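All remarks here apply to the structure that follows.
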Protein chains: 2
Amino acid sequence: MTASRPYANALELLRAAKLRPTRQRLALARLLFEKGDHHVTAEQLHGEAQAAAVPVSLATVYNTLHQFVDAGLLREVAVNPGRSYFDTNTADHHHFFFEETGKLMDIPSDRINVTNLPEPPQGAIHRVDVTIRVGKAKA
Amino acid sequence: MTASRPYANALELLRAAKLRPTRQRLALARLLFEKGDHHVTAEQLHGEAQAAAVPVSLATVYNTLHQFVDAGLLREVAVNPGRSYFDTNTADHHHFFFEETGKLMDIPSDRINVTNLPEPPQGAIHRVDVTIRVGKAKA
DNA sequence: CTCTATGATTAGAATGATTCTAATTTAAGC
DNA sequence: GCTTAAATTAGAATCATTCTAATCATAGAG
Ligand SMILES: [Mn+2]
Ligand SMILES: [Mn+2]
Ligand SMILES: [Zn+2]
Ligand SMILES: [Zn+2]
């Protein structure tokens, strides 16, 4: 009953993704998936790893984040030009983006009504992102 | 009757924005606003200027783009981590983003129905962006 | 029209995020 | 325990963007 996610532990998660369970990947997977859903930058995750005394290079953090995205374990969020956010919530959902703090907050997809979506002139819809940008109060 | 926009020519537009009508700003304003609405990167606009034999540095292109954003003449679109798009359409609208080509296409805001927007826990909504990401056909 | 002050432009350096390279280390399977 | 392929790493390289500080141009005054 400790398993609230499909993959209770980092090891199974890596196995299912066909990624070798190395020391670094295990540690990063724990940092990412043993907390609730959240949003991190590569730099932040690297900082967390160092704080947890996990020796891992920034290059490996980037490699791992991209591998996790490719495996469908993470999703990349483009909200700020010049910095990528990685999102542990891979369910269909939307975001508040707080411009002052640079923080993201999830909005469950059934909490917003997006209807009457136009068809693209070519290709297929891969994702629909709604970003609500929030600035300082008093518009 | 050549004026389909509020500012028919670049000079008036710069005056209204309280920006000195320098050679470079005039040329960039023409490249941006004398065509229909479109989306450009700084690098692209710099290339267009050079093709039009307008001597302007990349630094000035960036300066000018940001001044135009601040003046409300342009809008910055964050859709691709690592590169900013500037949008001459400042009306409330949404986008298709074609992942293969990196191109944006406008969707008028009344063409999509976004309702039941949640209130942010703090601050005020500054903008609501809907981005429809389009990948290669055959999902 | 000329002068001056302020603002704008510029080349090139600096920055910050991300990616790459090539060398070293590690994990997997025997 | 070996061998081999994959992973990690430090550091260099790259790319977009911003900064610096020097030069140039515009606007307004005289
Ligand atoms: Mn990526
Ligand atoms: Mn900007
Ligand atoms: Zn999220
Ligand atoms: Zn647009």
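Since this is a predicted model, take the numbers as computed values, not measurements. Just so it is clear: chains get the letters A, B, ... in the order the sequence lines come, proteins before strands, and each one is counted from 1.
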5'-most by nearest nucleotide on DNA chain D - G82(B) or A59(B): G82(B)
Distance test, side-chain N/O of R20(A) to OP1/OP2 of dT26(C), below 4.0 Å: no
Cluster link L28(A) to V40(A), ILVMFWY, side chain under 4.5 Å: yes
Selection: residues 38-52 of chain A, any non-hydrogen atom under 4.0 Å of DNA chain D: none
Options dA7(D), dT9(C), dT18(D), nucleotide nearest the side-chain atoms of Y62(B): dT18(D)
Spatial distance of atom CD (Q44(A)) from atom CG (L31(A)) [nearest 0.5 Å]: 12.5 Å
First of T22(B) and R83(B) reached from the 5' end of DNA chain D, by closest nucleotide: R83(B)
Donor on one side chain, acceptor on other, D87(A) and H93(A), under 3.5 Å: yes
Can you give me every donor-acceptor pair (side chain of residues 107-120 of chain B, partner residue at least two apart or in another chain, under 3.5 Å) with its distance?
from: S109(B); atom 1: OG; to: D92(B); atom 2: O; distance (Å): 3.3
from: R111(B); atom 1: NH1; to: N116(A); atom 2: O; distance (Å): 3.1
from: N116(B); atom 1: ND2; to: R111(A); atom 2: O; distance (Å): 3.4

Options dT26(D), dT9(D), dT9(C), nucleotide nearest the side-chain atoms of N63(B): dT9(C)
Side-chain N,O (S57(B)) to OP1/OP2 (dT9(C)) below 4.0 Å: no
Side chain R25(B), main chain T60(B), donor-acceptor under 3.5 Å: no
Given DNA chain C, 5'-ward residue of the pair P21(A) and Q67(B), judged by closest heavy atom: Q67(B)
Under 4.0 angstrom between R23(B) side-chain N/O and dA25(D) OP1 or OP2: no
Closest to side chain of Q24(A), choosing from dT10(C), dT18(C), dT8(D): dT8(D)
Selection from dT6(C), dT19(C), dT8(D) that lies nearest to any side-chain heavy atom of H66(A): dT19(C)
Between dA27(C) (C1') and R25(A) (CZ): distance, integer Å: 10 Å
Pairwise distance CG(D129(A)) to CZ(R75(A)) - rounded to 0.5 angstrom: 5.5 Å
Sugar-phosphate, base or nothing in reach of P81(B), heavy atoms under 4.0 Å: nothing
Partners passing salt bridge (charged side-chain N to carboxylate O under 4.0 Å, His left out) against R30(B) (at least two apart in sequence or in another chain): none
